[in-house]
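All figures in this text were calculated on a predicted structure; none of them were measured in a lab.
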2 protein chains.
Amino acid sequence: MATPQLTKNQSLVMGALAHSEGPMSAYTILDKLRDQGFRAPLQVYRALDKLLEYGLVHRLESLNAFVACTCPHDHEHDRGVTAFTICEGCGQVTEFHDEAIEERLSALVRAQNFKTEKTTIEIRGHCGSCAA
Amino acid sequence: MATPQLTKNQSLVMGALAHSEGPMSAYTILDKLRDQGFRAPLQVYRALDKLLEYGLVHRLESLNAFVACTCPHDHEHDRGVTAFTICEGCGQVTEFHDEAIEERLSALVRAQNFKTEKTTIEIRGHCGSCAA
DNA sequence: TCAATTGCGTTATGCTATAACGTGTGCGAT
DNA sequence: ATCGCACACGTTATAGCATAACGCAATTGA
């Protein structure tokens, strides 16, 4: 899926996420974009839906929040599992990928005769700086 | 963490989940327990908090819903990662565990100097019966 | 007995997400 | 050219998920 030109709203949401330190909820994004003319949650959610589809943004299920994809790539290799560490102290989110986990999960799931559509891996805890 | 005697509300919520085919949201549980005297969401959420703490129930982050733990054991080995396949067709949830994934994830996370508190692995897709 | 803890019930509120409606714009087929 | 379609957009209303804050009752242990 090639990434098409982003619309105005999509660009604004993408920009807000890209410039943010950490993940943001849809409503936080909405607040940041009020000055740019955003007035309703749907404007944010519709843009997010597309950005998720293009692989430019990830949804963190355990946070009900969104982050810009940090992969340096051209977003062509959207096959593949994305995992996250999420620091409960500072909110920092780190995205990572690992083929070994991917293959192992894939084998286990196949053994169940299950067809994967989306895999969520999120690790909550504390980063080095915030560790108790 | 030994499992103490459950209170009345905890037992009712546990029972509702245990007898359910699939995952239930807190509000669905509330509706099922109205006849038993439940009136407010907090009654459900408070019971769920304890059941989660005891390891008798899991929360599915990608569904905002809860399932009874299907492990046959005595819930003493609460160390360890739990993973789920979630069928979008029939709603069936299958819980599974794998040491290889656990160790691999653990190593990757340690390399980030990150301390894990809770790991979420959820695979959305279709089970054999529901596959397209 | 007193203080601390835990569970419970209730009301109110806040956060997250989508339904349903209508408008405007670009673009290809007839 | 214009009709029909797909798509993005804007708005209002509503649905669904979760917790704050208050007070009461029962239990326990110093």
Side-chain angles (χ1 to χ4, degrees), chain A residues 1-17 20 22-54 56-67 86 88 91 118 120 122 124, chain B residues 1-17 20 22-54 56-67 86 88 91 118 120 122 124:
Chain A
M1 169 187 312
T3 303
Q5 191 62 26
L6 297 184
T7 67
K8 179 153 172 288
N9 282 5
Q10 288 161 20
S11 295
L12 285 167
V13 169
M14 190 66 215
L17 280 173
S20 164
M24 301 175 85
S25 77
Y27 279 74
T28 304
I29 295 171
L30 174 58
D31 286 338
K32 294 249 184 210
L33 294 179
R34 291 218 185 261
D35 292 347
Q36 276 69 42
F38 274 53
R39 320 240 87 229
L42 259 195
Q43 297 175 282
V44 177
Y45 282 109
R46 289 204 271 232
L48 284 171
D49 282 346
K50 287 301 181 182
L51 295 172
L52 288 166
E53 184 185 327
Y54 303 152
L56 299 174
V57 161
H58 298 292
R59 175 185 173 83
L60 300 173
E61 301 288 353
S62 67
L63 246 39
N64 293 328
F66 304 84
V67 283
I86 301 171
E88 318 235 345
K118 178 164 195 300
T120 298
E122 297 178 15
R124 306 283 293 267
Chain B
M1 171 186 312
T3 303
Q5 192 62 25
L6 297 184
T7 67
K8 178 154 173 286
N9 283 3
Q10 288 159 20
S11 295
L12 286 167
V13 169
M14 190 67 215
L17 281 173
S20 164
M24 302 174 84
S25 77
Y27 278 73
T28 303
I29 295 171
L30 174 58
D31 286 340
K32 295 248 183 209
L33 294 180
R34 290 216 185 263
D35 294 346
Q36 275 69 43
F38 274 53
R39 321 239 87 231
L42 260 193
Q43 296 175 282
V44 178
Y45 282 109
R46 290 203 271 232
L48 284 172
D49 282 347
K50 287 298 181 183
L51 296 172
L52 288 166
E53 184 184 327
Y54 304 151
L56 298 174
V57 161
H58 299 291
R59 175 185 173 82
L60 299 173
E61 301 287 354
S62 67
L63 245 40
N64 292 329
F66 304 84
V67 284
I86 302 170
E88 319 235 345
K118 178 164 195 302
T120 299
E122 297 178 16
R124 306 284 292 269

Atom-to-atom span, CD of A:Q5 to C1' of D:dA8 - whole angstrom: 14 Å
Earlier contact from the 5' end, DNA chain C, for A:R59 and B:T7: B:T7
Should the pair A:D49-A:R46 be classified as a salt bridge under the 4.0 Å nitrogen-to-oxygen rule? no
Provide, to the nearest angstrom, the distance between the CZ atom belonging to B:R39 and the C1' atom belonging to C:dG7. 19 Å
What is the distance, to the nearest angstrom, from the CG atom on A:L12 to the C1' atom on D:dG10? 15 Å
Would one find a side-chain N or O of B:N64 under 4.0 angstrom from OP1 or OP2 of D:dA18? yes
With a 3.5 Å cut-off and heavy atoms only, can you find an N or O donor on one side and an acceptor on the other between the side chain of B:Y27 and the base of D:dA18? yes
Run the side chain to side chain contact (heavy atoms under 4.5 Å, CB included) test on B:V57 and B:V13 for me, step by step, so that the C-alpha distance in whole Å, both residues' side-chain angles and the decisive distance to 0.1 Å come before the verdict. CA-CA 10 Å; B:V57 161; B:V13 169; over 6 Å; no
Rounded to whole Å, how long is the line connecting atom CG of B:L30 with atom P of D:dA18? 13 Å
Within this structure, what is the CG-to-P distance between A:D49 and C:dT16, rounded to whole angstrom? 16 Å
Side chain of B:A40: nearest nucleotide among D:dC17, C:dT11, C:dA17? C:dT11
Nearest heavy atom decides the nucleotide; on that basis, is B:L63 or B:L42 closer to the 5' end of DNA chain D? B:L63
Which nucleotide in D:dC9, D:dC17, C:dT16 has an atom nearest any side-chain atom of A:S25: C:dT16
Rounded off to whole Å, could you give me the CG-to-C1' distance for the A:N9 and C:dT25 pair? 15 Å
How long is the gap from CG on B:L60 to OG1 on A:T120, to the nearest 0.5 Å? 11.0 Å
Show your working on side chain to side chain contact (heavy atoms under 4.5 Å, CB included) between A:Q10 and A:M14 and close with a plain yes or no. CA-CA 6 Å; A:Q10 288 161 20; A:M14 190 66 215; over 6 Å; no
Any side-chain N or O of A:K50 under 4.0 Å from OP1/OP2 of D:dA8? yes
Among C:dC8, D:dA18, C:dT16, find the nucleotide with the atom closest to the side chain of B:F66. D:dA18
In whole angstroms, how far is the P atom of D:dA18 from the CZ atom of B:F38? 16 Å
Scan A:R46 against the nucleic acid and name what it touches under 4.0 Å (heavy atoms): base, sugar-phosphate only, or nothing. base
Any ion pair linking A:R124 and A:E122 (charged N to carboxylate O, less than 4.0 Å)? no
Phosphate oxygens OP1/OP2 of D:dG10: is one of them under 4.0 Å from a side-chain N or O of A:Q43? yes
Quickly work out the A:L60 CG to C:dT16 C1' distance and round it to whole Å. 15 Å
